[in-house]
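Report on the structure given below.
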Amino acid sequence: MNADAVSTEDPSSPPTVPSTVVWCCGRPYVLEGRPGRARWMGTDYRGRPESLTSADLQRRGWSHRRAS
């Protein structure tokens with residue numbers, strides 16, 4: 001059986017490893033692992049701190065690479 005064929009993680013879901021960086025809406029977000037609940041931290045369009053959930057990232061669209 002091919003290991004690539006059996007995947008337990010949904011590729012459309014954001015990663016779950018703390019300190020992972022993803023891009024959303026042209027800005028980087030870092031996964032902060034907190035006991036009980038992790039959150040994605042980045043900045044809004046004005047440079048203010050912004051916290052997103054994994055569901056927020058999925059809804060807005062995210063990627064592992066910065067869009068050019």
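- Taking all atoms of both residues into account, the shortest heavy-atom contact from G33 to P18 is N-CB, 4.2 Å.
- When all heavy atoms of A38 and L31 are compared, the closest pair comes out as CB-CD1, 3.7 Å.
- When the side-chain contact (heavy atoms from CB on, under 4.5 Å) test is applied to L52, the partners found at least two apart in sequence or on another chain are Y29, W40, E50, D56, L57, R60.
- Between atom CH2 of residue W62 and atom OG of residue S54 there is a gap of 9.5 Å, rounded to the nearest 0.5 Å.
- With sequence neighbours left out, the salt bridge (charged side-chain N to carboxylate O under 4.0 Å, His left out) criterion links R46 to no other residue.
- Of the inter-residue distances, the one linking S51 atom OG with R39 atom CZ reads 5.0 Å to the nearest 0.5 angstrom.
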Using residues 20-27 as the side-chain source, report each donor-acceptor pair under 3.5 Å to any protein atom, sequence neighbours left out, with the distance given to one decimal.
from: T20; atom 1: OG1; to: V17; atom 2: O; distance (Å): 2.5
from: R27; atom 1: NE; to: T43; atom 2: O; distance (Å): 2.7
from: R27; atom 1: NH1; to: C25; atom 2: O; distance (Å): 3.4

